[in-house]
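Since the structure comes first, as structure tokens, the remarks are kept for the end.
The analysis underlying the following values was restricted to heavy atoms, covering all of them including side chains, and did not include hydrogens, waters or symmetry mates. By convention in this document, chain letters (A, B, ...) are assigned in the order of the sequence lines, proteins followed by strands, and residues within each chain are numbered from 1. Everything quoted here is computed from the prediction, not taken from an experiment.
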Number of protein chains: 2
Amino acid sequence: MKILIADDDADLRELVAFTLTQAGYLVIRCGDGPTALQRFEAELPNLVILDINMPGMSGFAVCEGIRRRSRVPVMMLTVRGEEEDLVRALGLGADDYLNKPFSPRTLLARIKALLRRAGTENTAPLAAGRVALDLEEHTVTLAGGAPVRLTPLELRLLQMLLANAGRAVNSERLLVQVWGHRSGGDRQLLKQLVHRLRQKIEADPSAPALLRTAAAGYKLMVD
Amino acid sequence: MKILIADDDADLRELVAFTLTQAGYLVIRCGDGPTALQRFEAELPNLVILDINMPGMSGFAVCEGIRRRSRVPVMMLTVRGEEEDLVRALGLGADDYLNKPFSPRTLLARIKALLRRAGTENTAPLAAGRVALDLEEHTVTLAGGAPVRLTPLELRLLQMLLANAGRAVNSERLLVQVWGHRSGGDRQLLKQLVHRLRQKIEADPSAPALLRTAAAGYKLMVD
DNA sequence: CCCGCCCGTCACCGATTTGTCACCAGGCCG
DNA sequence: CGGCCTGGTGACAAATCGGTGACGGGCGGG
């Protein structure tokens, strides 16, 4: 589950990003309007959080731009008491708003509600570190990158590793989970699958940084 | 569920739009009569809300135009005490009216009543993006185009995809929903049906833009 | 009775995915 | 030093999958 946050206030931006990351979402940050639009195009996040007051290009304009090509849920961050802003934002197609300052708890609750309403929540928030899995689309997204398509077997393998992110997973167990094999012997299959997966997700497949070989198995690195 | 709201008073329009959006409807806005007619053609909403007093082209004229090609429920917004307007509106085929000012609660209640009466709500999501289904006529209408006749199976398939517009639907689930098959195996049927449906609804069937192949199934594009 | 539509079935193509084999490099140990 | 194991890699073949064209049986309307 990807969320784009655009706010020129670095402190607030990081607070939001931290809260969301902790909750298992993959967060994309930016500090101004034009960048937000560009990142939106590139990442196609599942939800967008926009600060209204940004220098250069306001949240309104960004919202308008996004609405021209997508019905993705948009949440605006407003200053309490600016009723006019609020009405304008909702008029431009924003889905919800939050008055600053707000609590992380409130933020999460509103975001969950928005995603539920948008029907996006089924796409389980399977994410850890810089890896986010989209079970419905059969893709992985590595922080800052474009989604990568995975084959069914690759998806299953990555899902198993993700479920145990940071810890080594026994080869035996991976064989059982991915192929349903009851006994060992078929190490070659796993070898190949890992190899193929690395070609797709590693920056340098010959020096694996994410999917590392561990004692008697493999592990997915977090940070 | 799509609702078109036409009102030249921006504040009122946005209030209505916000109320409806919160209630889960997809809202299409416009501020004058000609635009309303044009958007109606393009979007084929499930319900239309018209202000009577609009500069240029009155709500009456819009209502008349809509009635020439559709029996979609129409609600008029009137100023209290203008009995004559009211009579004229209902005479032109409007289904209900609301005196300004009104409360969001009232608005929602009346809209639900209208939709229930029109039998639109049971008939489920019949429109998304540029695709609108007519279950009675066994036709689809693509934005701006002429209705296309569908066979019963094609209709069922499109209905299933429409109910999950924008998201991928598993082949397995489609098989069960369309044919009532309990188990897999018969992928060939789905292949053919999709192929035949694409011939009818795609501008270029060899490069599907609407009914796209997705991971482990198909999906109907909305944007 | 014939005709057209609907739809299940088969056959084929090209692309993707997956299983298999052969080989290499490095570590360990007798 | 040489055998042996483990993990990585490239290459190839088999299997699968989606798209497409074609055939024909069943059925209802003229």
Side-chain angles (χ1 to χ4, degrees), chain A residues 137-140 148-161 168-181 183-220, chain B residues 137-140 148-161 168-181 183-220:
Chain A
E137 296 291 335
H138 285 203
T139 59
V140 235
V148 178
R149 291 203 41 202
L150 296 180
T151 71
L153 284 185
E154 289 162 356
L155 190 75
R156 290 260 283 283
L157 175 61
L158 198 45
Q159 198 180 345
M160 285 307 118
L161 292 172
V169 186
N170 193 291
S171 290
E172 206 55 41
R173 214 146 68 84
L174 288 174
L175 276 174
V176 174
Q177 304 273 23
V178 176
W179 282 272
H181 287 184
S183 70
D186 242 345
R187 291 228 181 300
Q188 181 67 267
L189 288 178
L190 185 55
K191 250 187 359 183
Q192 277 296 334
L193 188 60
V194 167
H195 181 233
R196 283 163 178 156
L197 185 51
R198 276 177 178 159
Q199 299 293 331
K200 289 192 178 181
I201 67 172
E202 292 284 357
D204 177 7
S206 64
L210 264 177
L211 205 177
R212 295 263 271 270
T213 306
Y218 296 91
K219 86 197 237 190
L220 195 69
Chain B
E137 297 293 331
H138 285 209
T139 59
V140 236
V148 177
R149 289 208 40 196
L150 295 180
T151 70
L153 284 185
E154 289 162 355
L155 192 73
R156 290 262 283 283
L157 175 61
L158 199 45
Q159 199 181 344
M160 285 307 118
L161 291 173
V169 187
N170 193 289
S171 291
E172 205 55 41
R173 217 145 64 84
L174 289 174
L175 275 174
V176 173
Q177 304 272 23
V178 177
W179 283 272
H181 287 184
S183 70
D186 238 348
R187 294 230 178 305
Q188 180 69 358
L189 289 177
L190 186 55
K191 246 181 9 177
Q192 278 297 333
L193 189 60
V194 166
H195 183 233
R196 283 162 177 156
L197 184 52
R198 292 219 257 234
Q199 298 294 332
K200 290 192 178 181
I201 67 172
E202 291 284 356
D204 176 7
S206 65
L210 264 177
L211 205 177
R212 293 264 273 270
T213 305
Y218 296 91
K219 87 200 246 191
L220 195 68

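Counting only heavy atoms from C-beta on, Gln188(A) has its side chain closest to dA22(C) among dC10(C), dA22(C), dC6(C).
Atom-to-atom distance recorded for Leu161(A):CG and Gln159(A):CD is 10.5 Å, nearest 0.5 angstrom. Separating the CG atom in Leu175(B) from the CG atom in Asn170(B) is a distance of 9.0 Å, to the nearest 0.5 Å. How far CG of Leu197(B) is from CG of Leu153(B): 10.5 Å, rounded to the nearest 0.5 Å.
Think of the region where chain B sits on DNA chain D: with heavy atoms and a 4.0 Å cut, that region ends 5' and 3' at dG18(D) to dA22(D).
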Stepwise, does the salt bridge (charged side-chain N to carboxylate O under 4.0 Å, His left out) test hold for Arg212(A) with Glu202(A)?
CA-CA 10 Å; Arg212(A) 295 263 271 270; Glu202(A) 292 284 357; over 6 Å; no
Trace of the salt bridge (charged side-chain N to carboxylate O under 4.0 Å, His left out) decision for Glu154(B) with Lys200(B):
CA-CA 10 Å; Glu154(B) 289 162 355; Lys200(B) 290 192 178 181; 2.9 Å; yes
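Atom-to-atom, CZ of Arg156(B) to P of dC6(C) comes out at 16 Å; the value is rounded to the nearest Å. dC21(C) atom C1' lies 15 Å from atom NE2 of His195(A), rounded to whole Å. Atom CZ in Arg196(B) sits about 11 Å away from atom P in dT9(C), given to the nearest Å. Rounded to whole angstrom, the span from the NZ atom of Lys191(A) across to the P atom of dC23(C) amounts to 14 Å. Between the CG atom of Leu193(B) and the P atom of dC6(C) there is a distance of 12 Å, rounded to whole Å. In this structure, CG of Leu157(B) is placed 12 Å from P of dC7(C), rounded to the nearest angstrom. Leu189(A) has its CG atom 17 Å from the P atom of dT17(C), to the nearest Å.
If you check every strand for non-hydrogen atoms under 4.0 Å, Leu153(B) touches sugar and phosphate atoms only. Among the protein residues, Arg198(B) comes within range of the sugar-phosphate backbone only, with heavy atoms under 4.0 Å from sugar or phosphate atoms but none that close to a base.
At dG8(C), one or more side-chain N or O atoms of Trp179(B) fall inside 4.0 Å of OP1 or OP2 (strictly under the cut-off).
Comparing Leu150(A) and Gln192(A) by the nucleotide of DNA chain C that holds the closest heavy atom to each, the one mapping nearer the 5' end is Leu150(A).
Closest of all the heavy-atom pairs between Lys219(B) and Ala214(B) is CD-CB, 3.9 Å. Of all heavy-atom pairs between Leu210(B) and Ile201(B), the closest is CD1-O, 4.0 Å.
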